[in-house]
Amino acid sequence: MSFGNGKAVSSDGDSAGPLTWLATFGVTTLLLVTLKHALWLVVPFLLAIVLYYVLFPAVRYLSRAGMSHESAAATVSGLFSVAAVLVMFPFSAWVVANSASGEAALWNYVESGKGLIARLLGELEMQFGFLAQWDLQNEFPRKASELGQRFVQEHVTGALIGAVAWVPSLLLAPFLAFFLLRDGRRFVNLLIRAVPNAFFERTLHLVDRVDTMARSYFQGLLYLTLIDTACLGIGLAVLGIPGALGLALLAAVLGWIPIVGSIIGCIIVVLVTVADGTSGPGTVYAAVALFLLVRLLDDFVFMPLTIGRSLQMHPLVSVLLLFIGGAVAGVLGLIIVLPLAGVVMVIVDCVARIVLDRRLMARYAYARRLRSLSANADLKA
Amino acid sequence: MLPLIRKRRDPRDLQGLAHVVLFSTLDAKEHRVVAGLLHERRYEQGEVIFDEGEDSQALYVVISGKVLICRQGEPETGKVAEIDPGRAFGELAILGGYRRSAQARAAQDCVLQTLSRRDFDGLAESHKAIALKITLQIARQLARQLREQTGVVSDLPL
């Protein structure tokens with residue numbers, strides 16, 4: 001048997017460059033279009049991945065303490081489920097008990113918001129006389145009421161019914177997280193087993209890169225949420241805004257939606273501040289200033305420290321992807337487009353490197369020929 | 001339980017691991033932990049396992065058959081070593097991302113078990129004692145190879 005005389009050595013230098021980026025954009029868009037039609041599965045799966053990365057350190061800790069991996073995964077998942085039930089039951093009871101007053105409070109917030117904007121417009125009209133011709137101070141509340149009623153009729157009822165329909169689907173998340181914790185590694189190994197020998201080590205490298213990227217992104221996102229909650233919570237408490245910690249947590253979680261999430265969080269806090277009635281305009285301006293400050297800290301200090309360059313993506317590319325995500329799949333698209341594109345980019349890059357590596361492809365073809373010869377060895381005349 | 005994914009290790013596989021020099025200092029419980037991390041690969045005689053200069057991601061253990069370590073593309077004239085069953089090669093892969101210093105080819109049809117660097121890093125996090133024992137065995141193997149090479153050099157006429 002001749003061993004052959006291959007000279008070339010596989011290299012990592014062949015990169016597809018612009019082609020890789022085009023393919024990444026194309027595949028990400030296609031995935032978003034597909035995922036948009038399977039939201040019932042995508043959302044719980046996304047939550048399960050977040051839970052997986054939250055709970056994984058605890059599983060590793062128990063494994064380190066001598067517990068088997070399976071037992072550690074079961075213990076951590078079980079404890080999490082019990083804790084979730086203990087929190088959710090009182091919370092659900094509280095929501096049901098306060099639903100009537102909650103609706104009233106919601107309208108109170110909306111009316112307060114309208115009042116605040118009308119006051120601001122009135123002050124602007126006094127400052128700049130030419131604005132008075134449009135009578136913005138009176139026109140705005142009327143238009144806002146019309147739009148608000150139409151919006152509630154067209155969207156809110158449907159959204160509430162939809163939210164109830166989502167509950168069973170969301171209950172999937174802890175189960176999926178448990179199986180990811182227990183069998184995730186076996187599933188990856190099963191996939192690796194199907195890879196031809198020639199691409200085996202490249203596939204190990206690919207799995208390593210995808211896992212590292214996803215882990216640093218999702219864990220970073222959680223740390224960022226905690227930091228934002230702490231900063232906003234302390235700031236809002238100092239300003240004397242009621243429910244400071246709850247509002248801060250809500251605003252920090254809304255921050256998962258790039259760009260618009262922070263704005264919505266800020267608007268909610270402003271509405272609560274205005275509706276409170278005890279705070280003056282100074283507190284409202286201070287709350288907005290607090291949000292701007294935390295936003296700046298996020299962009300220049302916290303994000304580099306937490307999510308950092310986990311996605312290794314140019315800011316311009318990130319913005320383009322956000323536009324595509326929002327246009328193709330709405331709010332969900334905004335949330336998942338960056339991590340999804342990050343994973344797609346790594347996979348496309350690795351596949352491109354394999355396909356463009358003539359040595360690897362030659363090794364693959366040679367191994368196939370050897371297998372074919374071996375299988376036919378006793379069949380020749 | 002997911003029968004598709006869950007693969008119970010054959011006890012004979014574990015006995016086989018005990019004969020692997022790299023894992024010979026591990027006890028039965030530790031063998032089970034390591035067995036859960038290994039990937040089995042089968043190679044035809046003459047098939048390239050890795051090339052010289054390639055990025056390394058895993059170490060290999062020969063379970064059956066023989067593996068030839070040689071200079072790139074010179075299997076007949078550039079033989080460096082032949083690896084028998086129970087021995088490991090490409091160990092530096094799990095100690096750091098070194099490039100392969102030689103080519104590895106299947107000298108016979110062979111079955112190999114591989115341990116990836118990622119899994120070894122995980123092992124070092126979760127089971128420090130096992131990782132330490134494997135690292136010590138790698139160090140011993142490298143020390144023996146160094147002694148052999150030193151002996152070869154000292155025998156050269158100067």
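The analysis underlying the following values was restricted to heavy atoms, covering all of them including side chains, and did not include hydrogens, waters or symmetry mates. Below, read A as the first sequence line, B as the second, and so on, with proteins coming before strands; counting in each chain starts at 1.
- In this structure, chain B has no heavy atom under 4.5 Å from any part of A/R369.
- Proximity of a side-chain donor or acceptor of A/D349 to a complementary backbone N or O of A/T20 within less than 3.5 Å is not detected.
- Side-chain N or O atoms of A/N376 include none that pairs as donor or acceptor with a backbone N or O of A/L379 at under 3.5 Å.
- Interface summary for chain A: among B/R117, B/R42, B/K128, the most heavy-atom pairs under 4.5 angstrom belong to B/R42.
- With chain B as the partner, the residue from A/H69, A/R185, A/H205, A/R60 showing the most heavy-atom pairs under 4.5 Å is A/H205.
- None of B/R100, B/R99, B/R41 except one satisfies the salt bridge (charged side-chain N to carboxylate O under 4.0 Å, His left out) rule with A/E201; the exception is B/R100.
- For B/D119, the part lying near chain A is the side chain, with the backbone staying farther off; criterion is any non-hydrogen pair under 4.5 Å.
- In this structure, A/F200 and B/Y60 have perpendicular ring planes: the angle between them is above 60°, well past the 30° mark.
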